[in-house]
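Accompanying notes for the structure given below.
Numbers restart at 1 for each chain; the letters A, B, ... are given by sequence-line order, proteins then strands. It should be emphasised that the depicted structure is a prediction, and the values quoted were computed from it without experimental measurement.
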Number of protein chains: 2
Amino acid sequence: MSTENKGRRVTAADVAKSLGISRATVGFVLNKTRGQTISEATRKRVINEAARLGYRPHTAAQALARGRSRIILLVLPDWPLEYSMRRHIAEASGFLEEAGYSLVTYTIHETSRPLWESLDPDVVIGLLPFSEEEVESIRASGITNIVPVPDAHTPAWQTGPSIVAGPELQVEHLVERGHRKIAFAAPGDNRLRSFGEARRNIVTNKALELGLGEVDCRQIDRQDDSPQVAVREWVNAGVTGVVAFNDEIAAVVTSAALRQGLAVPGDLAVIGHDDDPWGEILVPALSTIRMDVEGLGRLLALTALNAVDGRDVPQGEPNAVATLVRRAST
Amino acid sequence: MSTENKGRRVTAADVAKSLGISRATVGFVLNKTRGQTISEATRKRVINEAARLGYRPHTAAQALARGRSRIILLVLPDWPLEYSMRRHIAEASGFLEEAGYSLVTYTIHETSRPLWESLDPDVVIGLLPFSEEEVESIRASGITNIVPVPDAHTPAWQTGPSIVAGPELQVEHLVERGHRKIAFAAPGDNRLRSFGEARRNIVTNKALELGLGEVDCRQIDRQDDSPQVAVREWVNAGVTGVVAFNDEIAAVVTSAALRQGLAVPGDLAVIGHDDDPWGEILVPALSTIRMDVEGLGRLLALTALNAVDGRDVPQGEPNAVATLVRRAST
DNA sequence: AGGGGGTACTAGCTCGCGCAAGGTACGATT
DNA sequence: AATCGTACCTTGCGCGAGCTAGTACCCCCT
């Protein structure tokens with residue numbers, strides 16, 4: 001299947017010439033183009049000859065001709081993916097493939113130009129919401145299909161049950177454990193700023209709703225002394241429970257508390273978010289929130305397809321969106 | 001930069017028309033084409049106008065015209081990537097970008113069509129050797145640049161001194177801290193088996209060389225009671241220092257020790273590998289090995305670039321390969 | 001005045017494919 | 001006999017950019 005033309009790639013024109021028919025016909029057959037009638041005999045001849053010659057459509061040419069790359073870029077968070085998550089991505093990938101799309105996964109790193117600029121995907125879809133800078137950057141590459149959609153007024157991901165549930169569970173859990181004065185540990189990292197704000201608001205509202213006092217919110221940066229300062233002042237102010245933005249922040253806070261000779265959860269209880277595998281290793285093991293990544297992932301795949309068609313985000317929410325993982329830190 | 005043409009993408013022709021010059025000139029300027037003389041004035045005008053209009057070259061069109069996608073596909077193993085590996089990849093990605101290439105990472109899953117068929121990369125490069133079926137499949141997609149080449153030698157980054165240095169440093173450090181009876185904590189995960197074996201051998205050899213006793217090697221699996229068992233038996237056997245495969249394993253061991261009421265490093269010292277950021281957060285903070293990620297990433301990138309040019313795998317080794325990070329756990 | 005040799009560009013073909021619009025042959029209908 | 005309809009296929013343009021082979025102009029030298 002390869003010894004014929006010395007190295008040059010087989011094109012649709014080669015298939016056509018070899019059969020003595022026009023290139024368009026080959027295209028129609030291979031694309032199952034609707035609105036074209038092709039005799040069964042020709043159909044078979046084309047398909048066989050294409051296979052015999054080892055014809056593969058040239059992706060770039062297709063993308064150029066139809067104006068779509070048929071690539072969907074899935075942006076992953078920068079932490080190790082659990083097994084179930086990876087499996088789900090594989091599933092989503094297969095699902096999308098049947099629709100003629102390729103799923104490319106991507107982890108953002110600051111060192112290099114984001115992949116959406118060079119890959120020209122039809123959709124960029126994030127497992128986590130994008131920061132404003134990221135949205136800006138994606139838009140600037142001429143990509144209009146971004147999921148989750150950054151709606152100007154009420155961002156869906158800031159109000160959607162799937163996102164709200166986590167922080168609310170964190171607060172409820174602390175209250176259930178008897179804490180009445182709680183604090184929020186926000187990420188110092190600028191890229192997580194807007195995401196942090198969102199979660200803080202949810203926590204604040206929930207605290208209000210449950211009749212708790214003011215929620216003392218502080219930014220935690222592992223690089224400086226902010227963890228130490230925050231812990232000291234929290235304890236002085238009578239805070240006994242800390243809701244952390246994620247597991248890493250929770251770990252940093254816990255760490256700072258332990259180094260000050262405080263007991264966790266005795267003097268200060270800490271709950272994280274995301275169920276990072278590291279959280280289980282820590283002493284004390286970190287209580288946290290596990291998101292229904294699989295459900296979310298499936299939803300995202302569907303959303304991606306709909307986004308390509310210009311349709312809206314599907315309505316179905318994953319059912320079990322967030323669950324509490326009780327461990328030693330609370 | 002966007003309000004001019006309603007939605008349509010800006011092409012090089014737009015830039016040219018807007019300046020009243022030919023499209024070719026725009027191309028020459030933007031590609032810094034050698035062998036073409038362009039006046040400095042025109043150069044600047046083109047560059048400014050391109051920026052003003054928000055011009056982005058159409059990747060697919062470029063790929064079609066020059067016959068190269070400028071995509072390098074890095075095939076990853078199907079297991080959670082250690083922190084250091086993710087950094088290598090980020091590093092390589094940045095390096096390749098400067099050369100005008102995009103690095104796309106990919107984990108093979110059986111459920112879907114392999115990405116090399118639809119992405120048309122210039123090179124497919126694997127962290128692990130490919131199976132024969134895989135090589136066959138890649139070849140069938142018309143891709144000739146495959147690394148590691150089926151029957152060439154193993155890539156340098158899999159055997160070179162860069163890999164040996166880390167484990168040796170771990171052992172040396174423990175000895176320096178006065179430990180004479182050490183153990184090795186291997187990953188339980190089957191997929192890391194061969195890596196674990198490799199590092200264990202290095203540790204064993206180094207221990208022999210330094211005149212230490214037998215190295216007690218045990219597999220650690222976070223999911224079962226192997227950490228507890230290992231720690232107990234190690235301590236009973238008089239082991240005082242543990243060399244861990246990576247920081248995660250080190251953390252798990254530390255954790256198990258603490259939970260048994262042992263002091264770290266008092267009763268058992270533990271040293272990790274890879275300098276995962278989580279290691280610094282732990283109490284006690286984890287001593288570890290920091291790899292020269294920049295060098296390794298560069299090597300990976302160079303290998304890929306050379307493959308594009310049809311050249312062979314480079315021989316050069318990264319120079320400063322591994323350094324010891326002293327923290328509280330030893 | 002007629003080259004010769006730069007410099008600074010432009011015209012136009014090419015890549016492989018999708019797809020709209022246009023044939024053509026042949027039997028059926030008026 | 002002329003027209004129509006349909007099944008089947010072809011011609012040819014366009015996608016956006018790379019790049020070769022010019023061309024027009026100017027300066028300098030004999």
Self-check item: Sequence-distant partners of Arg56(B), salt bridge (Lys or Arg N to Asp or Glu O under 4.0 Å), two or more places apart
Solution: Glu117(A)

Quiz prompt | side-chain hydrogen bond (donor to acceptor under 3.5 Å, both in side chains) partners of Glu40(B), counting only residues at least two apart | solution = Arg43(B)

Practice problem: Select base, sugar-phosphate, or nothing to describe what Arg68(A) touches, counting heavy atoms under 4.0 Å on all strands. | Solution: nothing

Self-check item: side-chain hydrogen bond (donor to acceptor under 3.5 Å, both in side chains) partners for Thr105(B), two or more places apart
Solution: none

Self-check item: Any residue meeting side-chain hydrogen bond (donor to acceptor under 3.5 Å, both in side chains) with Thr144(B), in chain and number order, not counting sequence neighbours
Solution: none

Quiz item: Just the endpoints, please: which first and last nucleotides of DNA chain D, 5' to 3', lie under 4.0 Å from a heavy atom of chain B?
Solution: dG16(D) to dT20(D)

Practice problem: Over all heavy atoms of both residues, which pair between Leu115(A) and Leu103(B) is shortest? Give the atoms and the distance, please. | Solution: CD1-O, 4.0 Å

Self-check item: With Ser69(B) via side-chain hydrogen bond (donor to acceptor under 3.5 Å, both in side chains) - residues at least two apart
Solution: Asp122(B)

Practice problem: With sequence neighbours excluded, tell me which residues meet salt bridge (Lys or Arg N to Asp or Glu O under 4.0 Å) with Arg87(B). | Solution: none

Quiz item: What residues in residues 34-44 of chain B put a non-hydrogen atom under 4.0 Å from any atom of DNA chain D?
Solution: Gln36(B)

Quiz item: Considering heavy-atom distances to DNA chain C, does Ala61(B) or Arg23(A) have its closest nucleotide positioned more toward the 5' end?
Solution: Ala61(B)

Quiz prompt | Whichever of Ser22(A) and Ala24(B) has its nearest DNA chain D nucleotide further upstream toward 5' | solution = Ser22(A)

Quiz prompt | Contacts of Arg298(B) that satisfy salt bridge (Lys or Arg N to Asp or Glu O under 4.0 Å) - sequence neighbours left out | solution = Glu294(B)

Please table the atom pairs, donor to acceptor, closer than 3.5 Å between any side-chain atom in residues 15-32 of chain B and protein atoms at least two apart or in another chain.
from, atom 1, to, atom 2, distance (Å)
Ser18(B), OG, Glu49(B), OE2, 2.4
Ser22(B), OG, Ala24(B), N, 3.4
Ser22(B), OG, Thr25(B), N, 3.3
Ser22(B), OG, Thr25(B), OG1, 3.1
Asn31(B), ND2, Gly27(B), O, 3.2

Quiz prompt | side-chain hydrogen bond (donor to acceptor under 3.5 Å, both in side chains) contacts in which one or both residues fall within residues 93-102 of chain B, not counting sequence neighbours | solution = Ser112(A)-Ser93(B), Ser118(A)-Ser102(B)

Exercise. Have a look at Thr11(A) and say if it touches a base, only the backbone sugar-phosphate, or nothing, with a 4.0 Å heavy-atom cut-off.
Key: sugar-phosphate

Quiz item: Can you give the first and last nucleotides of DNA chain C, 5' to 3', that have an atom under 4.0 Å from a heavy atom of chain B?
Solution: dT7(C) to dG16(C)

